[in-house]
Amino acid sequence: RRPRVHPSTARGLDRSELGVFLFTAERYDRDHAALAVLLGLNGLRVSEACSTNIEDLGLERGHRTLQIIGKGNKPAVIPLVPRTARTIDLAIGDRHDGPILRRRDGQRLDRRTAHRWVASIGKRAGLDSVHPHMLRHSCGYYLADRGTDLRTMQDYLGHRDPRHTVHYTRVA
């Protein structure tokens with residue numbers, strides 16, 4: 001039996017909107033594109049994406065991985081979508097350490113700047129106000145559309161409780 005969940009007003013981008021968003025981010029620059037794929041394709045929280053380091057990238061059984069510090073300071077190793085791995089490689093270039101996501105001044109990307117970047121990409125893409133958590137929702141809806149089971153989605157999104165994940169399985 002599924003747990004009871006109250007209706008959510010959260011909204012994510014649909015598949016075509018997410019595609020336009022990612023395409024626009026790639027035209028912005030490599031750092032904007034890396035943020036967009038980490039949030040939209042891998043479903044990271046904005047704080048998780050901003051705190052990633054190059055040293056946290058790895059390879060496990062042929063898959064590119066990223067070690068993150070999740071909500072509640074819980075460490076996790078997540079598999080990267082191939083497009084995310086390629087985009088991150090372009091963003092880091094030949095650097096071997098330090099933050100993956102950097103501002104123009106070379107400092108680590110912070111949450112506030114990430115919010116501005118996402119809003120700017122969304123505006124340039126012709127989408128209504130877009131914020132980082134919308135991209136996480138978009139990832140959840142995409143997983144549900146592809147028929148991913150609830151438990152797998154829960155693990156992928158880093159939810160402790162299935163009640164936080166189940167709303168992605170409903171039609172938006």
Side-chain angles (χ1 to χ4, degrees), residues 12-13 15 18-19 21-118 121-122 130-146 148-162 164-165 168:
L13 304 175
R15 189 180 294 181
L18 182 59
F21 183 87
L22 295 173
F23 179 80
T24 304
E26 287 172 352
R27 300 299 171 262
Y28 228 100
D29 67 23
R30 292 174 175 172
D31 290 316
H32 282 73
L35 175 65
V37 295
L38 282 169
L39 300 175
L41 296 181
N42 271 92
L44 293 185
R45 295 173 179 92
V46 68
S47 57
E48 294 167 347
C50 289
S51 66
T52 57
N53 291 312
I54 296 169
E55 303 90 335
D56 299 331
L57 292 168
L59 194 64
E60 192 172 308
R61 293 189 302 219
H63 295 282
R64 294 287 302 278
T65 60
L66 179 63
Q67 185 172 357
I68 63 166
I69 302 298
K71 194 172 182 179
N73 283 332
K74 286 188 155 186
V77 176
I78 60 162
L80 293 176
V81 174
R83 182 174 176 180
T84 301
R86 286 191 305 274
T87 305
I88 287 174
D89 287 343
L90 290 172
I92 63 176
D94 50 357
R95 294 184 293 130
H96 299 288
D97 58 4
I100 291 174
L101 300 173
R102 299 185 308 171
R103 300 182 314 214
R104 293 202 195 287
D105 63 4
Q107 296 297 310
R108 177 181 299 280
L109 184 68
D110 58 275
R111 289 180 53 160
R112 293 185 85 151
T113 305
H115 277 266
R116 284 195 300 271
W117 282 14
V118 168
I121 296 166
V130 179
H131 55 83
H133 208 71
M134 280 178 77
L135 298 174
R136 183 169 165 80
H137 284 283
S138 302
C139 180
Y141 292 134
Y142 177 75
L143 291 170
D145 286 347
R146 297 206 39 170
T148 306
D149 67 276
L150 184 63
R151 178 67 184 162
T152 303
M153 286 174 57
Q154 180 183 347
D155 288 343
Y156 191 83
L157 294 171
H159 291 159
R160 285 189 342 203
D161 191 330
H164 298 289
T165 311
Y168 295 117

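Heavy-atom contacts from other residues, nucleotides or ligands closer than 6.0 Å to CZ of Arg108 number more than 12. For CZ of Arg111, the number of neighbouring non-hydrogen atoms (other residues, nucleotides, ligands) closer than 6.0 Å is 12 at most.
The shortest non-hydrogen separation linking Pro132 to Val46 is CB-CB, 3.9 Å. The minimum heavy-atom distance between Arg45 and Arg136, with the atom names listed, is NH2-NH2, 3.2 Å. The two residues Val130 and Gly122 make their nearest non-hydrogen contact at CG2-CA, 4.0 Å. For the pair Pro75 and Asn73, the tightest heavy-atom approach, listed with the atom from each and the gap, is CD-O, 3.4 Å. Between Ala36 and Phe21, the shortest heavy-atom contact is CB-CE2, 3.7 Å. Heavy-atom minimum distance, Gly40 versus Leu18: O-CD2, 3.9 Å.
Remark: side-chain polar atoms of Thr113 are not paired, donor with acceptor, to backbone N or O of Leu109 under 3.5 angstrom.
Between Leu59 and Arg64 there is a side-chain heavy-atom pair separated by less than 4.5 Å. Between Asp56 and Thr65, the closest side-chain pair of non-hydrogen atoms is not below 4.5 Å. Looking at heavy atoms from C-beta onward, Ile68 lies in side-chain contact with Ile78 at the 4.5 angstrom threshold. No side-chain heavy atom of Val118 sits less than 4.5 Å from a side-chain heavy atom of Met134. You'll find the side chain of Ile92 reaches within 4.5 Å of the side chain of Leu57, heavy atoms only. Side-chain atoms of Asn42 and Val37, non-hydrogen and from C-beta on, never get closer than 4.5 Å to each other.
Separation of atoms OG1 (Thr52) and CD1 (Ile69) is listed at 11.0 Å; rounding is to 0.5 Å. In this structure, the separation between CZ on Arg30 and CG on Asp89 is 10.5 Å, given to the nearest 0.5 Å. The SG atom of Cys50 lies 10.0 Å from the CG atom of Leu44; values are rounded to the nearest 0.5 Å.
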May I have the list of side-chain donor-acceptor pairs in residues 97-106 shorter than 3.5 Å, sequence neighbours left out?
| unit_1 | atom_1 | unit_2 | atom_2 | d |
| --- | --- | --- | --- | --- |
| Arg103 | NE | Asp105 | OD1 | 3.2 |
| Arg103 | NH1 | Asp110 | OD1 | 3.1 |
| Arg103 | NH2 | Asp105 | OD1 | 3.4 |
| Arg103 | NH2 | Asp105 | OD2 | 2.8 |
| Arg104 | NH1 | Asp29 | OD2 | 3.4 |
| Asp105 | OD1 | Gln107 | N | 3.0 |

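Partner of Leu66 under the side chain to side chain contact (heavy atoms under 4.5 Å, CB included) criterion, out of Leu38, Asn53, Ile54, Thr84: Leu38 alone.
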TODO: Using the side chain to side chain contact (heavy atoms under 4.5 Å, CB included) rule, take Thr87 and Leu22 through it: C-alpha gap first, then chi angles, then the decisive distance, then the call.
DONE: CA-CA 11 Å; Thr87 305; Leu22 295 173; over 6 Å; no
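Arg27 and Thr24 form no side-chain donor-acceptor contact under 3.5 Å, judged by distance and modelled atom types alone.
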